[in-house]
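Structure, as structure tokens:
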Amino acid sequence: NAGVTQTPKFQVLKTGQSMTLQCAQDMNHNSMYWYRQDPGMGLRLIYYSASEGTTDKGEVPNGYNVSRLNKREFSLRLESAAPSQTSVYFCASRDRDTGYETQYFGPGTRLLVL
Amino acid sequence: RKEVEQDPGPFNVPEGATVAFNCTYSNSASQSFFWYRQDCRKEPKLLMSVYSSGNEDGRFTAQLNRASQYISLLIRDSKLSDSATYLCVVNIGDTGRRALTFGSGTRLQVQP
């Protein structure tokens, strides 16, 4: 049981390049989330998916798109990277079935946009 | 005003000390409250939920004051391994997204 996995761990992009961050969970959770973490800012929600086939914007969605490919996978795409998107990106999934609201986080992707 | 506010610290304490962190939240509709722990360059992990009646887990005690909209975490008999950033986390509870709102964290450094 790997929990939440993310790829890649690190990435350097040039301004204007595109990339997709991958996330997968093996806990059969319905809800999945993408956050970004910047120094002094805490984690901020980019997009979330309450269930397979649905996605919604969070607090800071501009410049990002997401795909909930199936129940396990939730990807985040940067179409045209900007230096302001330099950050650490965390994917998370939520255990709703037991009534708990704990979110389980992946190890993060560190992205540098030059 | 931030939705969840914490003193960033750092709190530098000797081993064995008792240390307390406070956190305030602005949305009175908040329903669930948590403390997460984040080690340097790692993902956040749930430390404990915070219940209205207060709750304890070993050396850790969490309290919630809804009237004043603040949450506290008390760590007794600090260990070197407690060194980390502690994130105060609130769930407003709208049924759609159930996303968490994070404070920016309080850094704790326990020294030998």
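The chains referred to below are lettered A, B, ... by the order of the sequence lines, with proteins before strands, and numbering in each begins at 1.
Between E43(B) and Y35(A) there is no side-chain heavy-atom pair separated by less than 4.5 Å. Under the 4.5 Å side-chain criterion, counting only non-hydrogen atoms from C-beta, Y36(B) is in contact with Q103(A). Looking at L43(A) and V89(B), their side chains never come closer than 4.5 Å, going by heavy atoms from C-beta outward.
Atom OG1 in T102(A) sits 6.0 Å away from atom CZ in F34(B) (nearest 0.5 Å). In this structure, CG in L46(B) is found 10.0 Å from CZ in F105(A), a value given to the nearest 0.5 Å.
Applying the 6.0 Å contact sphere to OH of Y70(B) captures no more than 12 heavy atoms from other residues, nucleotides or ligands.
Using a 4.5 Å cut-off between side-chain heavy atoms of Ile, Leu, Val, Met, Phe, Trp and Tyr, with links allowed through other members, I46(A) and F74(A) fall into the same hydrophobic cluster. In terms of hydrophobic clustering, with Ile, Leu, Val, Met, Phe, Trp and Tyr side chains grouped at heavy-atom distances under 4.5 Å, L47(B) and Y104(A) are assigned to different clusters. Y86(B) and L74(B) fall into different hydrophobic clusters, where Ile, Leu, Val, Met, Phe, Trp and Tyr side chains are chained together by heavy-atom contacts under 4.5 Å. A chain of hydrophobic side-chain contacts below 4.5 Å, direct or via other Ile, Leu, Val, Met, Phe, Trp or Tyr residues, connects Y33(A) to L100(B). A continuous path of Ile, Leu, Val, Met, Phe, Trp and Tyr side chains, each step under 4.5 Å between heavy atoms, connects V13(B) with I75(B), placing both in one hydrophobic cluster.
For P44(B), the parts lying under 4.5 angstrom from a heavy atom of chain A are both the backbone and the side chain. For a residue to count as touching a neighbouring chain, one of its non-hydrogen atoms must lie under 4.5 Å from one of that chain's; by this rule Q6(B) does not touch chain A. At a 4.5 Å heavy-atom cutoff, R44(A) makes no contact with chain B through either its backbone or its side chain.
R41(B) approaches F10(A) most closely through the heavy-atom pair NH2-CE2, 4.2 Å. The minimum heavy-atom distance linking R110(A) with K42(B) is given by the pair NH2-N, 4.1 Å.
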